[in-house]
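Everything below concerns the one structure shown next.
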Number of protein chains: 2
Amino acid sequence: MANSPSGDSMVHRLVRVIEAFDGEHRTLSAAEIARRADLPTSTAYRLVDELLAESLLDRDGRRLRLGTRLWELVSRGSKVLGLREAALPFMEDVQSVVGHHTVLGILDQNEVLYIERIGSNSSTINITKVAGRLPVHATSTGLVLMAFGPADAQETFLRRRLPRYTDTTTTNPDELRRRLAEVRQMGFCVMTGAIVPESTGVAVPVFNAEGTAIAGLSVVIPRAGGPLQTSISALQTAARGISRALGWDGTLRDAIRRSL
Amino acid sequence: MANSPSGDSMVHRLVRVIEAFDGEHRTLSAAEIARRADLPTSTAYRLVDELLAESLLDRDGRRLRLGTRLWELVSRGSKVLGLREAALPFMEDVQSVVGHHTVLGILDQNEVLYIERIGSNSSTINITKVAGRLPVHATSTGLVLMAFGPADAQETFLRRRLPRYTDTTTTNPDELRRRLAEVRQMGFCVMTGAIVPESTGVAVPVFNAEGTAIAGLSVVIPRAGGPLQTSISALQTAARGISRALGWDGTLRDAIRRSL
DNA sequence: CACACATTCCCGATCATCGGGAATTGTTTC
DNA sequence: GAAACAATTCCCGATGATCGGGAATGTGTG
């Protein structure tokens, strides 16, 4: 059976090609793409040609990189850019008060995807990366997103097997349920050393018009015990500002929530 | 000749689908995609299915949006994110001194592509958009990129027919050549009302290790005549900072340039 | 110069893609 | 609530774009 096309779809191959590029491999040669995407040589070369023709890849000599046109297309249409732009000014406010890393994350495929970060360029360990992912159960952002997010997401989340990172990582479903309830009651989440010790996250939800959390805003501070209350109120003010900037005036809903 | 596949490649169709989404159309139904991408209905539906399978599209009821996974993949591998992250802190510095819109742009396909903007949320008309394009010859950012960019780009640029936007837009090749020389000599570019009247751009180049401009940093101010010198030195300090942050220590080159 | 590797080019077989059409479901409108 | 309209899903045969092995050529390296 000599020339049989492999079963997977064209799109999937393209994804593999794009996935071949990452933070450590911003430029690749065609042969490297073939290897990393596990494609037959000639197939890889043909795909690269097609992508070049559409400017989805840029060529510099024999090195290839993801095209800026691709970034442009995706950014224009994705909701990420809008969210990021709405949030940035408020994140700066938080930053000026709290002074450590300020991070914005959303829920995607049962993980936290970080879409923006501004940081004092030294202070704390920066485990969060823009366009990077972390597990829901081990991050403060993850828990607020889960606590105030859509109900169906919570179900599937609690049904999954969760990995431990340090001895303070909570993986037990019942305990997580308890923590989620707590977060819902308090309106924020503090989590210490669930992935790396000596690093505390404080997160609050950013609500949409329906009152579901669509993003989590958080600060990462060196250790617990600082003036938490200051951070929390700065975060909450900012979160409300972001909602308003996005045209989701949460005032009414907030009032209801508070009066309960 | 009933069922003949249309001539264009798969990738091109996918691009058309992605292009169907933009700032005004962040969510589309499958039928809208078919119309906007000019695809036969059943083809569009099949493509949408494939894209959903790879999470390149997200589905919300019957509305579709560009998947955050797509944004993630592209951002991770693209040089844009790195540049943006390196630049942001310095842009904030500029912002705090100058107080109007501060913008970062790069050259792509003979146009200026803006990749970051921070702005006083009211002051000036914001013609620049993140992930938006403007022509080279009518923007200050465009001219610095051209003046200090790779030589071959200049050739093709000057050979092209250029549109006028206002009566101050420079389209004459010889005059442009003169302006480019001027920019090279001064080290910055000031341009007033070349696209919309009453809006002045001031731009400086951000150099890479080889001494070619890879980005243009600029501020947009309401009208000419303000304390230009302040803006320019703020921009230049920032630009040097960005180069350094990217690991391209421009000190040596700057010294050479200055001593000429 | 020899060797390894990257890149380009060629080509026949195969099967995923194409798109018309019809059936089904959902949404407006009067 | 019924009719008119649009959106979505499903089916299926014909077609040609895609597949990938292989050979030739280019590039760099010790």
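- For the 3.5 Å distance criterion, the side chains of B/Ser140 and B/Ser218 fail to qualify, holding no donor opposite an acceptor.
- Atom-to-atom, CG of B/Leu14 to P of D/dA17 comes out at 16 Å; the value is rounded to the nearest Å.
- In the region residues 40-61 of chain B, proximity to DNA chain D at under 4.0 angstrom, judged on heavy atoms, holds for B/Thr41, B/Ser42, B/Tyr45.
- Between A/Asp58 and B/Lys79 there is no salt bridge, since no side-chain nitrogen of the basic residue lies less than 4.0 Å from a carboxylate oxygen of the acidic one.
- Residue A/Asp22 is tested with A/Lys129, A/Arg65, A/Arg36 for a salt bridge (Lys or Arg N to Asp or Glu O under 4.0 Å); the sole match is A/Arg36.
- Taking atom CD1 of A/Ile33 as the reference point, atom P of C/dC5 lies 19 Å away to the nearest angstrom.
- Between A/Glu72 and B/Arg133 a salt bridge is recorded (basic side-chain N to carboxylate O distance below 4.0 Å).
- Of the listed nucleotides (C/dA6, C/dT27, C/dT17), C/dA6 has the atom at the smallest distance from the side chain of A/Ala31.
- Rounded to an integer number of Å, the gap from NE2 of B/His12 to C1' of C/dC18 is 17 Å.
- Looking at A/Ser55 and A/Arg69, their side chains never bring a donor and an acceptor atom within 3.5 Å of each other.
- Rounded to whole angstrom, the span from the CZ atom of A/Arg35 across to the P atom of C/dA4 amounts to 16 Å.
- Between the P atom of D/dT18 and the CZ atom of B/Arg13 lies a distance of 10 Å, rounded to the nearest Å.
- Rounding to whole angstrom units, CZ of residue B/Arg62 and P of C/dT25 are separated by 12 Å.
- If you measure from atom CE of B/Met10 to atom P of C/dG19, you get 11 Å, rounded to the nearest angstrom.
- Under the 3.5 Å distance criterion, the side-chain polar atoms of A/His12 are left unmatched by any main-chain donor or acceptor of B/Ala53.
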